[in-house]
Amino acid sequence: MERLPGFRDFYPEPLPSKDAWSADARSYLFDQWRAVARRYGFREYDGPPLEPLELYTAKSGDEIVGQLYNFSDKGERAVAMRPEMTPTLARMIAGHQRNYPKPIKWFAIPQLFRYERQQKGRLREHFQLNADVFGEKDPSVDAELIALLIDTLRALGLTDEDFVVRLSSRNAWQEFFVQRGGTPDRAYAFFQVIDKLEREQEAESARLLQALGFALPDVQEFIRAATPTEELGLILSQLSARGLSPYVKVDYNVIRGLAYYTGPVFEAFDRRGEFRAIAGGGRYDNLVKVLSGGKVDLPALGFGMGDVVLMELLRARARLPEFTAGIDVVCLIEDEARRPQTLRLAQRLRDAGRAVEFSLTAAKPDKQFKRALELKARCTAQIEPDGSVRVRELKARDERRLSVDEFVQSMTQAR
RNA sequence: GUGACUGUAGCUCAGCAUGGUUAGAGCCCCAGAUUGUGGAUCUGGAUGUCGCGGGUUCAAAUCCCGUCAGUCACCCCA
């Protein structure tokens, strides 16, 4: 039986093949994500992976169904695997925001789905760190959120030589647009052209801009100058005060494809430009109001950081730690007559919180020892004929003899 | 949805152009021996619908068509 296309199996290390996904690395990534989010006072939430199709079609239109992993369930309900967390989150916030003091700072690590042909950095399923803040308009929150994004990547061993956050603002472009006589009906088309500027041929962009009443050199000069708006200036200064300046730069090329962004927007990229965006986000002050049918009006902002691109980057830059089984003690059973005593010892060590392994069947001593080495265990313990324990520290190549009680005691303290 | 390239053992691959005994190697895994203790060495063993289906042929891993899957790019990007 094969996997469904675009889905992944996660194996324990060592990995069976070069392109296999590591369950250990995934746990490591999630642990780091959670740890940093909590340092910033974010609380974890979650929602259903399967939602009514209308949750996504209601505000985005039917055309997105083509990209959704959707189907009819046995109750003939039109359902979709969640492609993003924001609608679910907006529902949760709209329903119960009054129970939480503002600002509400929440994060989640949902598995998200889409129905598309897979390519590099883009599968049919991925995990994403989502961090959002509700109920605060001040740009210092934007700075806080961007700082969280930066620190998350730093916690994974990435430096300012590996990545940069490109900071931009919908407001800056809106101002540019209005100042040059742009009319609201053309705003969307204009943003689309700006969004594609880096990928599209210059001549084509120039043509499209001209049709909208703009000049490409004017747009290029605006991007080149990269003059921060007042709110971007505040965000930059607060990041600077944290010592995070090297990780961020104003870059008006970034505009984000989504229609609902309203203020500062940002994307994190690897410096060498080998990968897709690592993370992206921004302000969406109107979305909660729209999704709640006008009942709740809360300013909001957030970002998403996917595991696929990030893992590719961490692998390419060799920033992932070595993963082992994390075994503390391998009990060696030289003589099967001492297996009961050894089981007793193993049980006591496990009760003390240590990870313990031993051969479940009779095996030659050297084979057991080799297994301990393969497991990269911290030490081996062997019950001797006189009832004492012979302990060998594998790394230090140190050997000592002590009583079972002493050994268990030392392993308890070592925590 | 479109296009290009790829698909042989658990893994990495050879064999395919020019069809021809029983499809190979290394690694991994398992067993035994040896070494008298730091992942060594030796011997043996297991695992293949040659992605799948059809066609051409006396004969297909090899040639042709289709299909599925993978990789990459496009479209799109939450």
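By convention in this document, chain letters (A, B, ...) are assigned in the order of the sequence lines, proteins followed by strands, and residues within each chain are numbered from 1. Predicted, not measured: the structure shown is a model, and the values here were computed from it.
- Nucleotides B/C68 and B/C30 are separated by 34 Å at their C1' atoms, to the nearest Å.
- Base pairing of B/U22 is not made with any nucleotide, judged by Watson-Crick or G-U wobble geometry with both donor-acceptor distances under 3.5 Å.
- Atom CH2 of A/Trp33 and atom CZ of A/Arg26 lie 10.5 Å apart (nearest 0.5 Å).
- Side-chain N/O atoms of A/Asn70 and A/Tyr56 include no donor and acceptor closer than 3.5 Å.
- Rounded to the nearest Å, the gap between the P atom of B/C50 and that of B/G10 is 12 Å.
- In this entry the distance linking CD of A/Gln67 with P of B/C75 reads 13 Å, nearest Å.
- In terms of position along RNA chain B, the nucleotide closest to A/Pro16 lies nearer the 5' end than the nucleotide closest to the other residue of the pair A/Arg276 and A/Pro16.
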Shorter than 3.5 Å, N or O on both sides, protein versus nucleotides 26-37 of chain B: list them out with atom names.
unit_1 : atom_1 : unit_2   : atom_2 : d
B/A31  : OP2    : A/Lys367 : NZ     : 2.5
B/A33  : OP2    : A/Lys364 : NZ     : 2.5

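- Within 4.0 Å of A/Arg82, counting heavy atoms only, lies no atom of the nucleic acid at all.
- Nucleic acid contact class of A/Leu68 (heavy atoms, under 4.0 Å, all strands): base.
- If you measure from atom CG of A/Leu375 to atom C1' of B/G38, you get 14 Å, rounded to the nearest angstrom.
- Taking atom P on both B/G26 and B/C63, the two are 27 Å apart, rounded to the nearest angstrom.
- A/Asp138 and A/Ser140 form a side-chain donor-acceptor contact under 3.5 Å, judged by distance and modelled atom types alone.
- When the nearest nucleotides of RNA chain B are assigned to A/Asp19 and A/Asp398 by heavy-atom distance, the more 5′-ward of the two goes with A/Asp19.
- With both pairing distances under 3.5 Å, B/A61 is matched to nothing as a Watson-Crick or G-U wobble pair.
- An anti orientation is assigned to B/G26, its glycosidic angle lying beyond 90° of 0.
- Atom pair A/Tyr260:OH and B/C77:C1' shows a separation of 11 Å (rounding to whole Å applied).
- Annotation: B/U21 and B/A60 have their C1' atoms spaced 15 Å apart (nearest Å).
- Spacing between atom CD of A/Glu198 and atom P of B/C77 amounts to 16 Å, rounded to whole angstrom units.
- For the atom pair CG of A/Asp335 and CZ of A/Arg339, the computed distance is 10.5 Å after rounding to the nearest 0.5 Å.
- The separation of B/C65 from B/A73, taken at their P atoms, amounts to 27 Å, rounded to a whole angstrom.
- Taking a pair to require two hydrogen-bonding distances under 3.5 Å in either a Watson-Crick or a G-U wobble arrangement, B/A9 remains unpaired.
- Relative to the ring axis of A/Phe191, A/Arg170 places its NZ or CZ within 45° and under 6.0 Å from the centre.
- B/G32 and B/G24 have their C1' atoms separated by 26 Å, given to the nearest Å.
- Judged by Watson-Crick or G-U wobble contacts below 3.5 Å, the nucleotide B/A31 has B/U43 as its partner.
- Under a cutoff of 6.0 Å and an axis angle of 45°, A/Arg283 and A/Tyr261 do not form a cation-pi pair.
- Residue-level contact check: A/Gly6 touches the backbone only, with heavy atoms under 4.0 Å from sugar-phosphate atoms and none from bases.
- Partner assigned to B/A73 is B/U2, using Watson-Crick or G-U wobble distances below 3.5 angstrom.
- Shown for residues 117-132 of chain A: residues whose heavy atoms fall under 4.0 angstrom of RNA chain B, namely A/Arg117, A/Gln118, A/Gln119, A/Lys120, A/Arg122.
- A salt bridge between A/Glu198 and A/Arg166 is present, with a side-chain N of the basic residue lying under 4.0 Å from a carboxylate O of the acidic one.
- At a threshold of 4.0 angstrom between heavy atoms, the contacts of A/Pro5 are confined to the sugar-phosphate backbone, with no base atom among them.
- For A/Leu4 and B/C68, the CG to P distance is 14 Å, given to the nearest whole Å.
- Taking the ring centre of A/Trp106 as origin, the terminal cationic atom of A/Arg43 falls outside the region bounded by 6.0 Å and 45° from the ring axis.
- Taking the C1' atoms as reference points, B/U34 lies 48 Å from B/A17, given to the whole Å.
- Comparing B/A61 with B/U8, their P atoms are spaced 15 Å from each other, to the whole Å.
- No engagement by A/Leu112 is indicated, since no non-hydrogen atom pair under 4.0 Å with the nucleic acid exists.
- Side chain to side chain, A/Ser17 and A/Asp19 meet the donor-acceptor criterion of an N or O pair below 3.5 Å.
- Distance, A/Phe269 CZ to B/C77 C1': 12 Å, rounded to whole Å.
- Between the side chain of A/Ser72 and the main chain of A/Glu76, no donor-acceptor pair closer than 3.5 Å is present.
- Atom P of nucleotide B/G51 and atom CZ of A/Arg3 are separated by 18 Å, given to the nearest angstrom.
- Aromatic ring orientation, A/Phe222 versus A/Tyr252: parallel (interplanar angle below 30°, classes split at 30° and 60°).
- Remark: of the listed residues A/Arg77, A/Arg91, A/Arg82, A/Arg91 is the sole one forming a salt bridge (charged side-chain N to carboxylate O under 4.0 Å, His left out) with A/Glu51.
- The distance from atom CD of A/Glu116 to atom C1' of B/C74 is 12 Å, rounded to the nearest whole Å.
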